[in-house]
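All remarks here apply to the structure that follows.
We count ligands from 1, going down the list as the structure has it; atoms in each ligand are counted the same way. What you are looking at is a predicted structure, and each value in this text was computed from that prediction instead of being measured.
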Amino acid sequence: MTTLAGKVVFVTGASRGIGAVTTRILLEAGASVVAHFGRTGQGTEMLLETFGPDRMHPVHGDLARVGEATRLFQEAVAWKGRVDVLVNNAGIAPPLNIDAPLDKWSEVWAETLHVNLLSVAESCRAALLHYGEHGGGIIINIASRSAFRGDNPDAMHYAASKGAVITLTKSIARGFAGQGVLAYSVAPGWVKTEMAEAYLAEHAEELRRELPMGQAAPPEDVANTVVFLASGMVPHMTGATLDINGASYVR
Ligand code: NAP
């Protein structure tokens with residue numbers, strides 16, 4: 001297994017789904033992890049019990065609020081004096097149709113862009129300022145297949161937010177490579193988590209036919225990719241997007 005011993009990794013959205021599994025697998029790979037929890041904070045105690053407070057440090061904050069991403073990154077740095085890898089995983093995908101009243105439509109667009117893009121940009125900014133003083137570091141942003149393929153009419157805001165995450169990550173890779181910064185996007189298709197469960201249950205038969213692998217990916221596929229990228233083993237891959245969609249959308 002890849003060892004991340006000695007690395008400090010900050011993961012957002014660690015309470016469930018991809019973030020929870022990624023946090024566990026990063027810890028198993030030897031990393032010390034600052035695990036961010038949003039509204040629920042679920043899972044904190046179990047991880048603390050298993051790995052201890054020297055390996056796992058929980059932080060809490062609402063990424064729909066301006067300034068939270070910066071505060072959380074600074075809290076993450078304060079734990080051990082540095083962060084080596086930032087994993088922007090927290091995200092939302094509230095369904096929204098064009099016939100929603102305009103105030104509701106605007107509110108959902110704004111919240112989605114805030115959590116999925118502005119907070120990601122804000123924590124990337126904090127990481128870049130920190131990495132500038134520490135000889136570099138790694139940024140891994142969880143995007144989506146929808147950034148490339150587009151999404152259903154009720155998820156246009158979600159796809160737009162993820163498309164912007166990809167271009168943000170590419171710009172960071174190009175602009176900051178000279179300062180030792182590596183930046184990657186990970187673009188999953190369907191993954192078996194709470195975010196996707198209603199859609200996966202409703203469209204089970206159709207997805208069995210449509211997905212070449214017959215089913216959505218387990219969150220472990222994303223987590224193992226994050227561990228690989230966090231290792232920094234292939235620096236010249238910086239700027240790349242790693243697709244995890246079971247060949248449902250081959251670019
Ligand atoms: P999930 O199970 O719904 O979990 C979302 C995570 O984000 C939770 O830990 C949640 O924390 C956190 N979060 C949401 N809103 C937040 C807020 N305002 N402030 C702070 N934290 C917040 O989602 P998932 O499926 O694991 O998705 C993880 C990432 O993968 C997302 O970026 C998503 O877009 C992406 N993705 C998922 C799929 C899929 O099919 N599942 C496909 C492509 C990409 P709390 O619960 O503590 O609030």
* Work out whether the distance between some heavy atom of His36 and some atom of ligand 1 is less than 4.0 Å. => yes
* **Whether Tyr131 side chain and Gln179 backbone form a donor-acceptor pair below 3.5 Å** => no
* Contact between Ser119 and ligand 1, counting heavy atoms under 4.0 Å? -> no
* Asked: Excluding sequence neighbours, so at least two apart, what forms salt bridge (charged side-chain N to carboxylate O under 4.0 Å, His left out) with Glu210?
  -> none
* To do: Please write down residue, atom name and distance for the protein heavy atom closest to atom 11 (O) of ligand 1.
  => Ser15 OG, 3.3 Å
* Structure fact -> Heavy-atom proximity to atom 44 (C) of ligand 1 ranks first, among Ala217, Ser146, Pro219, Ala143, for Ala143
* Structure fact -> Of all protein heavy atoms, the one nearest atom 3 (O) of ligand 1 is Arg16 NH1, 2.9 Å
* So which protein heavy atom does atom 40 (O) of ligand 1 come closest to, and at what separation? -> Val191 N, 2.8 Å
* Below 4.0 Å from any atom of ligand 1, is there a heavy atom belonging to Lys162? -> yes
* To do: Measure from atom 30 (O) of ligand 1 to every heavy atom in Leu63, Ile142, Val186, Thr12 and give the option owning the shortest one.
  => Ile142
* Asked: Does a side chain donor of either Ser185 or Asn141 reach within less than 3.5 Å of an acceptor in the other side chain?
  -> no
* Does anything in residues 47-75 pair up under side chain to side chain donor-acceptor pair (under 3.5 Å), and if so which pairs, sequence neighbours excluded? -> Asp54-Lys80, Glu68-Arg71, Thr70-Glu122, Arg71-Glu75
* Asked: More than 12 non-hydrogen atoms from neighbouring residues, nucleotides or ligands closer than 6.0 Å to CD on Glu45, yes or no?
  -> no
